[in-house]
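Convention: sequence-line order gives letters A, B, ...; per-chain numbering from 1.
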2 protein chains.
Amino acid sequence: MAIDCGTCPLRELELFAPIKAEELEFMKSFKTGELRAEQGTEILAEGASSTQLYTALSGMGIRYKTMPDGRRQVVGFVLPGDFVGLQSGVMGEMQHSVEATTAMKLCVFNRSDFWRLFESQPQRAFDLTHLAAREEQLLGEALVTVGQMNGIARVAWALYRFYQRLKALELIENGRVPLPYRQQDLADAVGLSLVHTNKTLTRLREAGVATWQDDALVVHKEVELARLGNVEPGSISARPLI
Amino acid sequence: MAIDCGTCPLRELELFAPIKAEELEFMKSFKTGELRAEQGTEILAEGASSTQLYTALSGMGIRYKTMPDGRRQVVGFVLPGDFVGLQSGVMGEMQHSVEATTAMKLCVFNRSDFWRLFESQPQRAFDLTHLAAREEQLLGEALVTVGQMNGIARVAWALYRFYQRLKALELIENGRVPLPYRQQDLADAVGLSLVHTNKTLTRLREAGVATWQDDALVVHKEVELARLGNVEPGSISARPLI
DNA sequence: CGGTACATTGAGGCAAGTCAAGTTGAGTGG
DNA sequence: CCACTCAACTTGACTTGCCTCAATGTACCG
């Protein structure tokens, strides 16, 4: 178990803003270990007050809320570099659950050290707030999409956002990005039924825009996909990595 | 223009967590003035990088995103005590616009002092992150509602949340809370058409659950409204006031 | 007293939901 | 190596909640 944040491969990506040596030093003391979560494991539970917070290192997860009647709304997808458990850290309780969709490796922090971060590392505290504001931004965009767009636009939006994020993580190979989710996950994320989501994916595939099969997404017409999803094409701006 | 945060009437509400004298002292130096916004004024614009941040003191506003085709998604309602402009302060750019629905009075802060807050007031920085996490929570709940619920549940959810928030602000009088928005605002918030929203409000009124007329909301069956909106009845937990 | 803004109501159409029946592929075990 | 199971994906047929269009009502205002 390597607690060497200095060689963390994620930090080398352009996606993540560089940090000072002193901050890196602090992060080493903040990090208390690594967690390996198997596929299907629940990492954080809605309503629970976890003593641990995480940054995803590898693998993919899903954030969701469950309704009384069993239905589910996916509120986000966890990719490497994402911070998990901020609500728990700051408000004492998670408002959604987080589950490992694939096997995951996560960097573990203690909630009890959280305050120390704010006290002694203002830049890191700022970064944390930055991440919180980003989450808010992402959710706001999801709300716009689900609230205002029709089926094809919703699916296109989700696929294009996946494509952008995974490309920024340099997980793209031969034009394919890994996308190990189920259609049901996408359906629950965009507020469509599974059947309609499936038919919409078929339409996108037959239109030659994008193909999502065998846990991988291939975008054939990037600009067209972005247009359908009402997203500005382009890459994602740099952001902090906790 | 009174820059005396010590006598700020909002602080006396139970809704807002008390702060230390030293923090209050800092807030006085952080506050640079007050802004009066007339009805209909745009306080912050989507995509703009404002040099000012605000806390609403009185009046009500609306947060929204505009789509290329002119449609609008309301991402939140600004009530007294709400912090406005966090995204701008931390990411440099607003992701949604904020408009004054009624005349408003706002506490003004300079973005350039923002960093000073993180450096010298870790508790206030923590509180700010807390607020950001709350925004995230609220948006997550809105996403669940718009993504999974039918018309009546969406409208009931929105009305009950208004009722809870306004009650916590002690703006309730004779069982009525002020609600100076238009039906179109509610429609754009819950992702329904104006016509359908209107018909749904009529149904709620005729069922004797809640009546929203003349800029005021009267909830006749509180528990029933909460049930319809899939909300836990009860009051809102305390939160920081910046 | 026409103009404007918002609320209300009816009629008809369609996007998306539900139901139901396969198909496919991976795993498992006899 | 084939039969069986199970989870995920497909596809077709039917239904409906919500949308759009279009009028009308109502209050306020210059």
Is there a ring-ring contact (aromatic ring centres under 6.0 Å, His included) between Phe109(A) and Tyr54(A) once you walk through the steps? CA-CA 6 Å; Phe109(A) 312 112; Tyr54(A) 310 94; 8.2 Å; no
| task | Determine: side-chain N/O of Arg205(B) to OP1/OP2 of dT8(C), distance under 4.0 Å, yes or no. | result | yes
Leu192(B) CG to dA16(C) P, in whole Å, measures 14 Å
What residues 194-201 of chain A contributes to the DNA chain C interface at heavy-atom separation below 4.0 Å is Val195(A), His196(A)
Rounded to whole Å, the CD-P distance (Gln213(A) to dA26(C)) equals 13 Å
query: Are Gln183(A) and dA7(D) close enough that a side-chain N or O sits under 4.0 Å from OP1 or OP2?
result: no
For residues 167-182 of chain A, which side-chain donor-acceptor pairs fall under 3.5 Å, sequence neighbours excluded?
unit_1: Lys167(A); atom_1: NZ; unit_2: Glu222(A); atom_2: OE2; d: 3.3
unit_1: Tyr181(A); atom_1: OH; unit_2: Gly61(A); atom_2: O; d: 2.7
unit_1: Arg182(A); atom_1: NH2; unit_2: Asp185(A); atom_2: OD1; d: 3.3

**Item:** salt_bridge(Glu141(B), Arg161(B)) N-O dist < 4.0 Å
**Value:** yes
From CZ of Arg154(A) across to C1' of dG17(C) the rounded distance in Å is 12 Å
Exercise for review: Go through the side-chain N and O atoms of Arg71(A) and Thr66(A) and say whether any donor and acceptor fall under 3.5 Å apart.
Suggested key: no
Whole-Å distance, Trp212(B) CH2 to dA7(C) P, equals 7 Å
Bend of the helix from dC1(C)-dG30(D) to dG30(C)-dC1(D) from end-axis comparison, five pairs per end, nearest 10°, comes to 20°
Among the nucleotides dC6(C), dC18(D), dA16(C), whichever has the atom closest to the side chain of Asn150(B) is dC18(D)
Between Glu206(B) and Arg203(B), does any side-chain N to carboxylate O distance fall below 4.0 Å? no
Residue set satisfying salt bridge (Lys or Arg N to Asp or Glu O under 4.0 Å) with Asp188(A), at least two apart, ordered chain then number -> Arg72(A)
Is Ser97(A) reaching over with its side chain to a backbone N or O of Glu46(A), donor-acceptor style, under 3.5 angstrom? yes
From CG of Asp188(B) across to P of dC6(C) the rounded distance in Å is 12 Å
From CG of Asp214(B) across to P of dT26(D) the rounded distance in Å is 14 Å
With sequence neighbours left out, the residues meeting side-chain hydrogen bond (donor to acceptor under 3.5 Å, both in side chains) with Ser237(A) are Arg134(A)
The side-chain hydrogen bond (donor to acceptor under 3.5 Å, both in side chains) partners of Arg205(B) (sequence neighbours excluded) come to none
